[in-house]
Amino acid sequence: MKLSGRATVSFSIDPALARLITQRFPAAQSAGSFFPLSGLTGQTGKVAVGELTLLARHQSKAAPIPGVDRRREYHILRRLAGSGLAPAVYGYADAWLLLGWQPGEALRSEEFARQLAPLAASVAALHQQPPSGYRLSLLRLLQQYWLLSTPERRHHGWLRAIQKLKRQGEPKPLRLALLHMDIHAGNVIRHRDCLRLIDWEYASDGDVALELAAIVAGNALDAEQQQRLTISYARLQHLDPATLAQQMRRWQPWLSLLMACWYELRWQQSQEQTFYALAARAWQRVLSD
């Protein structure tokens, strides 16, 4: 869900978004120009209003993704205002979320592992913020993916995996905090030697070990890289690294199934072969556990 994609062709602005922009920026002569960004969840675009650059994100009804809620995203980003951790938020109306554009460049995949220490510092700073009040339930999320999937694509292995996790129950949080839950190279922006996180649509409250485990799984970190991330984070949060690593392992089967469900639904919605291949590999990992 990378927000640094190219946008070169301007489209007309949705009337609801135009109203939101003119309400928040009454001095602007017009609602500006809308440049769609591809490869993202829902309708998202860069908006130029005079000399100001904004980001507009829409809640898609045609292709819903479990866990994505622009209203929740708006309230969480408002709570983070002034923290330096998230982009400025200007408003929410009619399923449109209006944000400030984060300047800088997204990390390249090969750079991500070299930035684990500063990334751990950014994640620790986020986890030190007050919880948002929006609690994440992975079991409910997984069940929503099952219900949204087309019946012909549901299989017994998928159902068995959900039922197994339901019997186990979600791990008791090591420490409850506000999580980003989508930290990968494309969502980490380097600006003036600082790292900033973008794309907060999955943010909610959960176990800090779940966030760390998601970073490992979502970026395919090897054992040495995982250890560096865990130790750096544990030192900043005054946690025992071994205890943190053990809790991260408890979340791994949950994340494996979540990733398979996400790729599966994105393939069903888009019919893009990339998602089909990713879903196939993810299901293979889930069913081999």
Side-chain angles (χ1 to χ4, degrees), residues 1-2 5 38-42 44 60-69 109-110 112-113 136-171 179-188 199 201-204 206-207 209-223 225-226 229-230 245-289:
M1 282 71 79
K2 181 177 175 181
S38 61
L40 301 168
T41 305
T44 302
S60 174
K61 294 182 179 180
I65 297 292
V68 174
D69 184 331
S109 297
E110 60 271 19
F112 191 87
L136 172 64
S137 168
L138 281 193
L139 179 59
R140 184 165 62 247
L141 203 58
L142 292 169
Q143 291 170 335
Q144 289 172 353
Y145 274 103
W146 170 268
L147 293 173
L148 281 174
S149 179
T150 56
E152 62 271 15
R153 287 291 299 175
R154 297 172 185 169
H155 49 76
H156 293 299
W158 186 346
L159 184 58
R160 284 199 304 271
I162 292 178
Q163 290 174 334
K164 179 180 178 180
L165 293 177
K166 184 178 180 179
R167 288 193 299 270
Q168 292 177 353
E170 295 187 32
L179 313 180
H180 181 281
M181 282 307 293
D182 195 19
I183 298 175
H184 57 81
N187 283 343
V188 181
D199 197 356
E201 61 188 358
Y202 296 105
S204 50
D207 186 8
L210 173 60
E211 181 98 276
L212 273 289
I215 294 173
V216 171
N219 296 279
L221 299 185
D222 61 28
Q225 293 163 348
Q226 178 176 341
L229 175 67
T230 305
Q246 182 182 44
Q247 183 74 348
M248 290 164 62
R249 287 191 292 273
R250 293 190 181 105
W251 284 111
Q252 285 176 351
W254 293 83
L255 289 168
S256 294
L257 183 54
L258 182 62
M259 291 173 66
C261 291
W262 191 89
Y263 289 135
E264 173 70 29
L265 185 60
R266 292 296 284 142
W267 175 73
Q268 291 183 30
Q269 292 174 345
S270 69
Q271 294 297 298
E272 292 184 21
Q273 289 303 306
T274 299
F275 287 128
Y276 179 84
L278 289 169
R281 288 199 293 268
W283 283 125
Q284 188 175 19
R285 287 194 296 271
V286 169
L287 299 178
S288 64
D289 288 343

request  = Evaluate side-chain contact (heavy atoms from CB on, under 4.5 Å) for Val188 paired with His184, printing each intermediate quantity in order.
outcome  = CA-CA 7 Å; Val188 181; His184 57 81; over 6 Å; no
Spacing of [X] atom [atom1] and [Y] atom [atom2] [to the nearest 0.5 Å]:
{"X": "Leu257", "Y": "Leu142", "atom1": "CG", "atom2": "CG", "value": "4.5 Å"}
{"X": "Asp69", "Y": "Tyr202", "atom1": "CG", "atom2": "OH", "value": "12.0 Å"}
{"X": "Trp146", "Y": "Gln143", "atom1": "CH2", "atom2": "CD", "value": "11.0 Å"}
{"X": "Ile183", "Y": "Met181", "atom1": "CD1", "atom2": "CE", "value": "9.0 Å"}

Side chain to side chain donor-acceptor pair (under 3.5 Å) against [X], all qualifying residues, sequence neighbours excluded:
{"X": "Glu211", "value": "His127"}
{"X": "Trp283", "value": "Glu264"}
{"X": "Gln144", "value": "none"}
{"X": "Ser288", "value": "none"}

Min side-chain heavy-atom separation [X]-[Y] under 4.5 Å:
{"X": "Ile215", "Y": "Asn219", "result": "yes"}
{"X": "Trp262", "Y": "Trp267", "result": "no"}
{"X": "Leu210", "Y": "Leu136", "result": "yes"}

Partners passing side chain to side chain contact (heavy atoms under 4.5 Å, CB included) against [X] (at least two apart in sequence or in another chain):
{"X": "Thr274", "value": "Leu278"}
{"X": "Gln269", "value": "Ala63, Pro64, Ile65, Leu265, Arg266"}
{"X": "Arg249", "value": "Ala245, Gln246, Gln252"}
{"X": "Ala209", "value": "Asp207, Leu244, Gln247, Met248, Trp251"}

Mark yes or no for whether [X], through its side chain, and [Y], through its backbone, hold a donor-acceptor pair below 3.5 Å.
{"X": "Gln268", "Y": "Thr150", "result": "yes"}
{"X": "Arg281", "Y": "Ala260", "result": "no"}
{"X": "Ser149", "Y": "Tyr145", "result": "no"}
{"X": "Asn187", "Y": "Asp182", "result": "yes"}

ask   = Looking only at heavy atoms, what is the nearest atom pair of Ala161 and Val286, with distance?
value =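 Ala161 and Val286 have their closest heavy atoms at CB-CG1, 3.9 Å.
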Please list every donor-acceptor pair under 3.5 Å in which a side-chain atom of residues 162-171 meets a protein atom from a residue at least two apart or in another chain.
from   : atom 1 : to     : atom 2 : distance (Å)
Glu170 : OE2    : Ser137 : OG     : 3.4
Glu170 : OE2    : Leu138 : N      : 2.9
Glu170 : OE2    : Leu139 : N      : 3.0

key: Set of residues satisfying salt bridge (charged side-chain N to carboxylate O under 4.0 Å, His left out) with respect to Glu110, sequence neighbours excluded   =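 Listed in chain order: Arg108.
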